[in-house]
Novice: 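One structure follows; several queries about it will come next.
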Amino acid sequence: MSYLTKLKGSPASIPPRPSLKDLGFISLGAFFAACVIGYLAYLTNQPIIMGSFGASIFVLFVLPESPFAQPRNVILGHLLTTFIGLFFYHLVGSDWWSMALALAIAIAAMQYLRVPHPPAGSNPFIVFLLGSKWDFLWMPTLIGSILIVLVALFYNNLANDRSYPKYW
């Protein structure tokens, strides 16, 4: 198969649309997860929210059976990629190439350690764009990712046809 032929895509069909019941369940779970981190950020005046958490919430409530949605992947993926971003930002430099290298190493590290979580791939960019300090690893990264997983644990298991997590 030639390179240009691959660009056309395969003849696979578009996945089916979820039912209104499923859409309501997913949306309500996402709302609860966002409410928990949003309200706690408001209540404590602490930065518990970061941009990649929106994508994490998507994965946890739309694709809870995915390896990317499992608790170890969510929490360790966020923690690892944020640490790598902070390491490069503070110890290597804030140049564009350092940011690109941090991202590449963070992605490789998640794969090597078997904790891939695609939303966490954006964390090195977030660290560089915000000029984050080391405490960013604790708050929002660790606390926020644990809170999102806790909401997913309790909420996803309310449905009879869901069982979360698949593994720790």
Side-chain angles (χ1 to χ4, degrees), residues 3 6-7 9 15 26-27 29-156 164-168:
Y3 181 78
K6 292 178 185 180
L7 296 177
I26 290 165
S27 297
F31 175 75
F32 286 147
C35 280
V36 166
I37 59 174
Y39 181 68
L40 287 175
Y42 170 77
L43 190 66
T44 63
N45 203 25
Q46 294 291 322
I48 301 175
I49 303 169
M50 79 174 150
S52 57
F53 286 166
S56 292
I57 290 169
F58 177 92
V59 171
L60 285 165
F61 293 95
V62 174
L63 306 165
E65 295 186 6
S66 165
F68 303 137
Q70 302 314 303
R72 63 180 268 129
N73 295 47
V74 176
I75 297 166
L76 296 177
H78 276 296
L79 199 60
L80 178 65
T81 58
T82 298
F83 173 78
I84 291 169
L86 288 165
F87 177 87
F88 274 84
Y89 181 76
H90 289 285
L91 302 176
V92 177
S94 60
D95 296 312
W96 62 268
W97 59 267
S98 178
M99 182 177 67
L101 191 55
L103 175 70
I105 290 174
I107 290 171
M110 280 194 294
Q111 287 296 101
Y112 181 77
L113 296 173
R114 300 182 324 184
V115 292
H117 181 63
S122 64
N123 291 358
F125 283 174
I126 292 168
V127 165
F128 274 74
L129 292 172
L130 295 178
S132 301
K133 295 183 170 58
W134 284 99
D135 61 352
F136 196 79
L137 191 59
W138 163 253
M139 180 83 78
T141 305
L142 181 61
I143 300 298
S145 61
I146 288 172
L147 288 171
I148 291 168
V149 166
L150 286 173
V151 173
L153 281 169
F154 290 110
Y155 186 79
N156 277 325
Y164 179 79
K166 296 301 176 197
Y167 57 84
W168 287 91

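Everything numeric here is computed off the predicted structure, so don't read it as measured data.
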Novice: With rounding to the nearest 0.5 angstrom, report the CG to CG distance, Leu142 to Leu79.
Specialist: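 One finds 5.5 Å between CG of Leu142 and CG of Leu79.
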Novice: Quick one: does Pro71's side chain get under 4.5 Å of Tyr164's, heavy atoms only?
Specialist: yes
Novice: Locate the shortest heavy-atom distance separating Leu63 from Ala69; write the atom from each residue and the value.
Specialist: O-CB, 3.3 Å
Novice: Taking all atoms of both residues into account, what is the closest heavy-atom pair of Ser52 and Asn123, and its distance?
Specialist: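 Of all heavy-atom pairs spanning Ser52 and Asn123, the closest is OG-OD1, 2.6 Å.
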Novice: Here's a test for you: under ring pair (Phe, Tyr, Trp, His ring centres under 6.0 Å), which of Phe128, Trp96, Phe136 qualifies with Tyr89?
Specialist: Phe128
Novice: Once you measure the plane-to-plane angle for Trp134 and Phe83, does it fall in the parallel (<30°), tilted (30-60°) or perpendicular (>60°) bin?
Specialist: tilted
Novice: Nearest 0.5 Å, what's the OG1-CG distance between Thr141 and Leu80?
Specialist: 11.5 Å
Novice: Could you report the tightest heavy-atom contact between Ala34 and Ile57, atom names first, then the distance?
Specialist: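 Minimum heavy-atom separation between Ala34 and Ile57: N-CD1, 4.0 Å.
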Novice: For Ile49 versus Ala41, what's the shortest heavy-atom pair and its separation?
Specialist: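 Answer, listing the atom of Ile49 first, then Ala41: CD1-CB, 4.2 Å.
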Novice: Are the side chains of Met99 and Pro124 in contact, using a 4.5 Å heavy-atom criterion?
Specialist: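 No, side chains not in contact.
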Novice: Are any of the side-chain heavy atoms of Phe87 and Ile105 separated by less than 4.5 Å?
Specialist: no
Novice: Check whether any side-chain heavy atom of Leu76 sits under 4.5 Å from a side-chain heavy atom of Leu113, and report yes or no.
Specialist: no
Novice: Can you tell me how far apart NE2 (His78) and CG (Asn73) are? Round to the nearest 0.5 Å.
Specialist: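 The CG atom of Asn73 is 10.5 Å from NE2 of His78, to the nearest 0.5 Å.
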Novice: With side chain to side chain contact (heavy atoms under 4.5 Å, CB included) as the criterion, how do Ile26 and Phe58 come out once you've worked through the C-alpha distance, each side chain's angles and the decisive distance to 0.1 Å?
Specialist: CA-CA 9 Å; Ile26 290 165; Phe58 177 92; over 6 Å; no
Novice: Hey, are the side chains of Val59 and Pro119 touching, using non-hydrogen atoms and a 4.5 Å cut-off?
Specialist: yes
Novice: Identify the heavy atoms of Gln111 and Pro116 that sit nearest to each other, and give their distance.
Specialist: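 Closest heavy-atom pair between Gln111 and Pro116: OE1-CB, 3.0 Å.
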Novice: Looking at Ser98 and Val92, would you say the former's side chain and the latter's main chain have a donor-acceptor pair under 3.5 Å?
Specialist: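 No, the answer is negative, given that no donor and acceptor are paired below the 3.5 Å cut-off.
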Novice: Could you give the distance from CD1 (Ile126) to OG (Ser132), rounded to the nearest 0.5 Å?
Specialist: 8.5 Å
Novice: Given side chains that start at C-beta, do those of Ile148 and Phe53 come closer than 4.5 Å, heavy atoms only?
Specialist: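 Heavy-atom side-chain distance check passes, below 4.5 Å.
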Novice: Judged by atom type as modelled, is there a donor-acceptor pair below 3.5 Å linking the side chain of Arg72 to the main-chain atoms of Tyr167?
Specialist: no
Novice: Rounded at 0.5 Å granularity, tell me how far CZ in Phe61 sits from CG in Asn156.
Specialist: 5.5 Å
Novice: Any chance NZ of Lys166 has more than 12 other-residue heavy atoms, nucleotides or ligands included, within less than 6.0 Å?
Specialist: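 Counting other residues, nucleotides and ligands, NZ of Lys166 exceeds 12 neighbours.
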Novice: Taking the side chain as every heavy atom from C-beta outward, state whether Met50 and Thr82 have any pair of such atoms under 4.5 Å apart.
Specialist: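 Answer yes - side chains close enough.
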Novice: Mind checking the CG-CD1 spacing from Leu137 to Ile143? Nearest 0.5 Å is all I need.
Specialist: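 Nearest 0.5 Å value for the CG-CD1 distance: 10.5 Å.
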Novice: Looking at every heavy atom in both Ala109 and Ile84, which two are closest together, and how far apart are they?
Specialist: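 Shortest heavy-atom contact: CB-CD1, 3.8 Å.
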